[in-house]
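One structure is given here, and the rest of the page talks about it.
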Amino acid sequence: MTQNSPPLVLPPSLSRTVAALPGKDRNRLDDTITRLHTVNGRLWDTEDRVRGALLSAAQVADCKREIDQLNAERNLLAERADEVLGSLADAGRADAPLHTETLASVVDRLSVLTLRIWHSERAAARDELARRRIPALHSQREELCAALDALVSDVVAGCRRLPVPARFKLYGRDGAAPAEIKPSRRLRRVLAFGGLSECGKSTSAEFVQRTCGAQRFKIGFLLRQAAHREGLADPYALSPRRQAELLLGELNRFADAHVDTELFTIESVHDDASIAELKRLMGDALQIVYLDASFAVRVERSGTPAQAVAAKDEIKMSRGAHQVAALADRVIDNTGSIAALRARLRRIAAPPASTALRAATPYGLGLPAAIASATADFTDAVRAYGPGVRLAALTGSPGEGSWIAGWSDLDLLVIAEHEAIGRVLDALEQYRRALGGAASLGPTLVTPGELTARRLTPRLAFVLHQLQQGSSVLHAAPGLELPTISRGELAFAAVRELPQVILTMRRLRADAGPTTLRQLYKHLVLACRLLLREHNRWESGPDRILAAASRMPGLTALSTPSLAEIAGAWRDGEAELVLKPVTVAADQLLTWYAAQLAA
């Protein structure tokens with residue numbers, strides 16, 4: 001609707017009757033009538049445009065298509081309004097006289113008359129005929145309001161019946177009722193980035209594309225594609241509703257052709273009216289993200305004169321870019337660090353979810369009694385710290401039930417707020433003293449913010465995946481939210497982690513001896529585990545991992561003693577007895593790996 005055009009004011013009797021409706025019906029009717037009035041305003045503007053300017057044949061055709069689309073939407077909204085207004089009638093008076101039109105038809109006429117008065121008043125300064133018509137138009141509006149109020153009273157009292165509201169308009173659709181375009185079931189999530197010049201829209205979309213695998217689109221590209229497909233000369237001359245339908249149609253088309261794509265981004269959102277219509281069509285599947293930053297910050301980032309940024313802002317604001325903030329699901333203050341921006345974006349693009357975790361006591365993990373007792377005391381200590389400590393869990397071999405005394409570490413994950421880390425460190429020191437050298441403790445301390453921002457090492461990602469798969473925890477606070485880690489993400493994480501593991505293996509192999517046996521063997525197992533993940537093989541336990549890796553194409557079978565034998569030799573001070581087969585297996589794997597990556 002034309003900017004600053006008048007609101008639609010309903011007559012008093014109808015307003016009071018509508019106010020008495022149930023909340024859900026009242027809100028639905030308010031929204032529908034507001035949209036009906038908006039569509040009528042856009043119809044008026046489009047008809048003025050096609051009559052008043054010298055347009056090309058293609059532009060006239062565009063306007064005709066838009067008028068047809070707006071008329072179809074107008075009739076659909078009127079029918080929806082009548083679905084609610086029809087409930088006002090007294091159903092017990094079937095013999096009451098039938099009125100010639102529905103209540104929504106009268107409201108629609110009132111909307112058009114309101115617009116006619118407003119446009120006439122604007123034209124009165126230059127058009128004497130328009131000026132003389134204004135009193136008659138106001139009189140018509142008063143009469144129409146009085147007639148509408150009287151009709152409402154009669155309908156509510158059962159003195160008049162209303163006709164069936166269905167209008168059966170066709171608008172070139174082969175007899176079908178106008179159908180509202182809906183998101184494809186394969187169009188799961190769309191992030192729309194808005195903001196003024198140099199606020200970080202493109203930077204944000206690029207980051208989400210790179211880190212979350214999103215498919216990235218420019219709104220202008222989608223509109224041009226849709227216009228070409230529909231035979232439209234200028235999609236920007238269409239109504240916001242029609243633009244939104246074209247955008248959704250292109251997104252649906254791509255989503256249906258690329259079924260594995262989970263996330264899309266669109267930029268740049270400069271038109272508040274069209275993105276509002278797209279939000280109505282898509283609901284929560286569309287998340288509008290507005291990036292905000294002060295003018296001074298944006299000028300500094302741009303590296304251009306302030307006048308250049310201001311000029312671009314003026315263009316964007318003329319289209320309603322600054323008003324997108326009021327529609328946004330998320331407003332991000334992008335005046336801070338890039339780390340803060342990326343943390344917000346990761347939470348929006350890949351939101352954490354509440355995770356059902358399985359709690360177990362240390363005594364159920366197969367640990368020796370003294371170690372289980374020390375672990376239980378630690379668990380009691382961090383649980384007493386309250387919500388500051390969100391989770392504590394033994395991972396690795398204790399979580400898998402394969403812990404070996406004298407060989408295995410106690411790998412411990414603690415999720416705690418930064419303010420609680422000091423108390424956790426005190427509890428860890430007591431834990432170490434209670435263990436008395438019976439086991440080596442390897443704690444990992446991480447904050448909830450780091451997790452939900454997905455600032456994860458590959459190993460931490462794997463631990464979170466194991467927890468999601470049912471590995472037990474010692475303590476978990478209610479409502480704990482964790483990032484969801486898929487197997488696909490772990491496979492990519494393996495690609496990132498493996499090079500460092502191979503480099504460390506080569507260093508350990510160069511220093512091979514009884515004192516480095518344990519580290520060399522563990523890195524051999526870890527390297528095989530990561531390679532198997534790349535092949536979509538998921539094994540646990542060193543013996544099974546090495547056996548499975550031996551079947552990889554081109555790799556000579558790795559012949560090593562069992563974990564029990566190696567751990568026993570290490571514990572008994574006889575590491576040299578098993579050192580050679582471990583180093584031979586390491587050499588085999590390193591030789592094979594180098595050959596796989598040779599040019």
Quiz prompt | Residue list, ring pair (Phe, Tyr, Trp, His ring centres under 6.0 Å) with Phe217, at least two apart or on another chain | solution =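 If we apply the ring pair (Phe, Tyr, Trp, His ring centres under 6.0 Å) test to Phe217, skipping adjacent residues, the hits are Phe254.
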
Consider only side-chain N and O atoms of [X] and [Y], and report whether a donor and an acceptor are under 3.5 Å apart.
X: Thr516; Y: Asp511; result: no
X: Glu565; Y: Ser562; result: yes
X: Asp313; Y: Ser197; result: yes
X: Trp407; Y: Asp409; result: no
X: Gln209; Y: Thr265; result: no
X: Ser540; Y: Arg544; result: yes

Does [X] reach the side chain of [Y], with side-chain heavy atoms less than 4.5 Å apart?
X: Leu248; Y: Leu187; answer: yes
X: Leu520; Y: Leu517; answer: no
X: Arg188; Y: Phe264; answer: no
X: Ile288; Y: Arg330; answer: no
X: Leu480; Y: Thr355; answer: no
X: Leu482; Y: Pro352; answer: no
X: Gln323; Y: Tyr290; answer: no
X: Leu532; Y: Trp538; answer: no

Can you tell me how far the [atom1] atom of [X] sits from the [atom2] atom of [Y], to the nearest 0.5 Å?
X: Glu206; Y: Glu267; atom1: CD; atom2: CD; result: 9.0 Å
X: Ile502; Y: Arg507; atom1: CD1; atom2: CZ; result: 13.0 Å
X: His322; Y: His270; atom1: NE2; atom2: NE2; result: 12.5 Å
X: Phe207; Y: Cys212; atom1: CZ; atom2: SG; result: 6.5 Å
X: Leu247; Y: Leu278; atom1: CG; atom2: CG; result: 6.0 Å
X: Leu428; Y: Ile421; atom1: CG; atom2: CD1; result: 9.0 Å

When you measure from the side chain of [X] to the backbone N and O of [Y], does any donor-acceptor pair fall under 3.5 Å?
X: Arg344; Y: Asn334; answer: no
X: Thr261; Y: Leu263; answer: no
X: Tyr385; Y: Ala420; answer: no
X: Asp411; Y: Pro443; answer: no
X: Arg298; Y: Cys199; answer: no
X: Thr504; Y: Gln500; answer: yes
X: Asp333; Y: Thr335; answer: yes
X: Glu450; Y: Thr447; answer: yes

Quiz prompt | side chain to side chain contact (heavy atoms under 4.5 Å, CB included) assessment of Leu394 paired with Leu367 | solution = CA-CA 11 Å; Leu394 288 176; Leu367 300 172; 3.9 Å; yes

Heavy-atom pair with the smallest gap, counting every atom of [X] and [Y]:
X: Val389; Y: His475; value: O-NE2, 3.3 Å
X: Ser204; Y: Leu291; value: OG-CD1, 3.5 Å
X: Thr515; Y: Trp570; value: O-CH2, 3.7 Å
X: Ile566; Y: Pro561; value: CD1-O, 3.6 Å
X: Pro542; Y: Tyr521; value: CB-OH, 3.4 Å
X: Leu456; Y: Pro483; value: CD1-CG, 4.4 Å

Quiz item: Can you check side chain to side chain contact (heavy atoms under 4.5 Å, CB included) on Arg551 and Arg537, steps first, answer last?
Solution: CA-CA 11 Å; Arg551 295 190 289 274; Arg537 295 286 305 278; 3.5 Å; yes

Should [X] and [Y] count as an ion pair when the cut-off is N to O under 4.0 Å?
X: Arg383; Y: Asp380; value: yes
X: Arg319; Y: Asp271; value: no
X: Arg454; Y: Glu489; value: yes
X: Glu262; Y: Arg189; value: no

Quiz prompt | Residue Arg185 excluded, over 12 heavy atoms near CZ under 6.0 Å | solution =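 Result for CZ/Arg185: open.
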
Quiz item: Within a reach of under 6.0 Å around CD of Glu534, are more than 12 heavy atoms found that belong to other residues, nucleotides or ligands?
Solution: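 Count over threshold, so yes.
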
Practice problem: For side chain to side chain contact (heavy atoms under 4.5 Å, CB included), just list the numbers for Val414 and Val382, CA-CA rounded to whole Å, side-chain angles, deciding distance to a tenth of an Å, and then say yes or no. | Solution: CA-CA 9 Å; Val414 177; Val382 296; 5.6 Å; no

Quiz item: How far apart are the C-alpha atoms of Glu497 and Arg459, what are their side-chain angles, what is the distance that settles it, and do they pass the salt bridge (Lys or Arg N to Asp or Glu O under 4.0 Å) test?
Solution: CA-CA 8 Å; Glu497 185 179 14; Arg459 295 191 190 193; 2.7 Å; yes

Practice problem: Output, in order, the C-alpha distance, side-chain angles, deciding distance and verdict of side chain to side chain contact (heavy atoms under 4.5 Å, CB included) for Arg571 and Ile404. | Solution: CA-CA 10 Å; Arg571 187 176 53 246; Ile404 300 175; 3.9 Å; yes

Exercise. Starting from the C-alpha separation in whole Å, work towards a yes-or-no answer on salt bridge (Lys or Arg N to Asp or Glu O under 4.0 Å) for Glu277 and Lys279.
Key: CA-CA 5 Å; Glu277 293 292 348; Lys279 181 69 174 178; over 6 Å; no

Quiz prompt | Listed once per pair and sorted, the side chain to side chain donor-acceptor pair (under 3.5 Å) pairs that draw on residues 579-597, sequence neighbours left out | solution =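 Qualifying pairs: Arg509-Asp587.
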
Practice problem: Apply the test side-chain hydrogen bond (donor to acceptor under 3.5 Å, both in side chains) to residues Ser184 and Asp256: give CA-CA distance (whole Å), side-chain angles for both, the deciding distance (0.1 Å), then the verdict. | Solution: CA-CA 7 Å; Ser184 165; Asp256 289 340; 2.5 Å; yes

